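To start, the structure under review is shown below, and the notes come after it.
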Amino acid sequence: MSVVTRPGLATCEKVDGLLHNQAMTQLLFSGAHVWVRVEGSEAVLGLSDYLQDQMGEITRLEVSDLGDVLRAGRRMGRVESEEASSPLEAPLSGEVVEVNPEALSNPDLINSDPYGAGWLLRMRIEDQRELDELINEEDYAELTTEV
């Protein structure tokens with residue numbers, strides 16, 4: 001276990017290749033490695049540290065535009081690294097109400113601070129029941145250590 005400090009996050013412990021901190025217990029994860037932080041009727045979305053670690057340094061990022069309506073399980077963007085390229089799958093349905101321009105112009109934020117400054121977008125949640133399809137941090141850690 002190693003201790004990692006990342007800008008925008010409290011000190012984290014790295015266990016089995018995953019960052020763990022108190023804030024993560026408030027996150028949910030999709031099987032497509034997108035994290036979700038629920039804030040009332042909205043959700044903030046980002047890419048998991050596991051995904052960025054597997055892909056290598058993120059070099060390019062595309063996400064849906066402000067006002068777009070996302071559908072759970074459908075494409076919401078694309079992420080690229082020097083080693084790989086992958087579509088991003090929306091974990092929830094709803095309207096995009098904010099996009100993180102800093103992450104789009106500086107994809108390295110996802111490498112350095114995936115759970116903080118590297119967030120991707122904020123959306124209005126259309127169906128709260130879709131949250132039941134997501135998994136908590138503990139189950140996500142177990143899923144990613146089995147891979």
Side-chain angles (χ1 to χ4, degrees), residues 6-10 12 14-147:
R6 292 212 169 157
L9 286 178
C12 303
K14 195 157 191 168
V15 180
D16 296 326
L18 290 173
L19 289 178
H20 296 269
N21 74 353
Q22 188 174 22
M24 282 183 63
T25 60
Q26 300 169 351
L27 298 180
L28 298 171
F29 293 84
S30 73
H33 309 291
V34 175
W35 59 260
V36 174
R37 183 177 64 237
V38 177
E39 296 179 349
S41 63
E42 296 182 348
V44 178
L45 309 180
L47 301 181
S48 74
D49 188 58
Y50 175 82
L51 177 66
Q52 72 84 24
D53 187 55
Q54 293 299 301
M55 289 190 71
E57 186 173 331
I58 305 298
T59 57
R60 188 166 186 275
L61 179 66
E62 298 172 16
V63 295
S64 297
D65 293 323
L66 186 66
D68 284 355
V69 176
L70 303 178
R71 293 289 162 230
R74 299 263 178 95
R75 187 177 172 157
M76 70 171 200
R78 179 162 217 74
V79 62
E80 296 179 10
S81 70
E82 291 182 11
E83 292 87 25
S85 177
S86 178
L88 297 176
E89 191 177 286
L92 301 169
S93 300
E95 181 184 355
V96 176
V97 297
E98 186 177 0
V99 175
N100 183 353
E102 287 82 19
L104 291 176
S105 64
N106 181 14
D108 189 52
L109 285 175
I110 296 166
N111 300 309
S112 63
D113 193 5
Y115 301 110
W119 64 276
L120 301 179
L121 57 86
R122 176 183 294 273
M123 66 183 296
R124 187 172 300 114
I125 301 171
E126 185 176 292
D127 185 351
Q128 295 275 334
R129 293 174 295 188
E130 289 178 342
L131 294 168
D132 295 337
E133 301 300 315
L134 303 176
I135 58 176
N136 64 30
E137 189 260 340
E138 182 179 303
D139 290 341
Y140 182 74
E142 187 174 310
L143 172 75
T144 56
T145 56
E146 292 174 0
V147 173

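On a predicted model such as this, the values are computed, not experimentally measured, just so you know.
- Side-chain atoms of Ile125 and Ser41, non-hydrogen and from C-beta on, never get closer than 4.5 Å to each other.
- At least one side-chain heavy atom of Val69 sits under 4.5 Å from a side-chain heavy atom of Glu126.
- Judged by distance alone, with hydrogens and angles left aside, the side-chain atoms of Glu130 form a donor-acceptor pair with the main-chain N or O of Ser93 at under 3.5 Å.
- With a 4.5 Å cut-off on side-chain heavy atoms, Gln54 and Thr144 do not count as touching.
- Contact record, Asp139 with Asn136: N-OD1, 2.8 Å, taken as the closest heavy-atom pair.
- Between Tyr140 and Phe29, the angle of the ring planes stays under 30°, which puts this pair in the parallel group of the 30/60° scheme.
- The heavy-atom pair separating Asp49 from Pro114 by the smallest distance is OD1-CG, 3.7 Å.
- Distance alone, capped at 3.5 Å, is enough to place a donor-acceptor pair between the Asn100 side chain and the Trp119 backbone.
- In terms of heavy-atom proximity, Leu70 sits nearest to Ser64 at CD2-OG, 3.1 Å.
- A donor-acceptor contact shorter than 3.5 Å is absent between the side chain of Tyr115 and the backbone of Trp35.
- Between Ala117 and Asp113 the shortest heavy-atom distance is N-OD2, 2.9 Å.
- Side-chain contact between Ile135 and Glu142: absent, with no pair of heavy atoms (C-beta onward) separated by less than 4.5 Å.
- To the nearest 0.5 Å, atoms CG (Leu120) and CD1 (Ile110) are separated by 5.0 Å.
- In this structure, the separation between CD on Glu83 and CD1 on Ile58 is 9.0 Å, given to the nearest 0.5 Å.
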Side-chain donor-acceptor distances from residues 84-92 under 3.5 Å, at least two apart:
| from | atom 1 | to | atom 2 | distance (Å) |
| --- | --- | --- | --- | --- |
| Ser85 | OG | Arg78 | NE | 2.9 |
| Ser85 | OG | Arg78 | NH2 | 3.2 |

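- Using a 4.5 Å cut-off on side-chain heavy atoms (C-beta onward), Asp65 and Val96 make no contact.
- Crowding of Glu138 atom CD: a count of heavy atoms from other residues, nucleotides or ligands under 6.0 Å not exceeding 12.
- Note that the CG atom of Leu45 and the CG atom of Leu27 stand 11.0 Å from one another [nearest 0.5 Å].
- Residues meeting the salt bridge (Lys or Arg N to Asp or Glu O under 4.0 Å) test with Glu62, sequence neighbours left out: Arg60.
- Within 6.0 Å of CZ on Arg74 lie no more than 12 heavy atoms contributed by other residues, nucleotides or ligands.
- Rounded to the nearest 0.5 angstrom, Leu109 CG and Gln52 CD are separated by 11.5 Å.
- Here the straight-line distance linking atom CG of Leu51 with atom OG of Ser81 works out to 9.0 Å at 0.5 Å rounding.
- Partners of Glu42 by side-chain contact (heavy atoms from CB on, under 4.5 Å), not counting sequence neighbours, listed by chain and number: Val97, Arg122.
- A distance of 6.5 Å separates CD of Glu57 from CD of Glu82, quoted to the nearest 0.5 Å.
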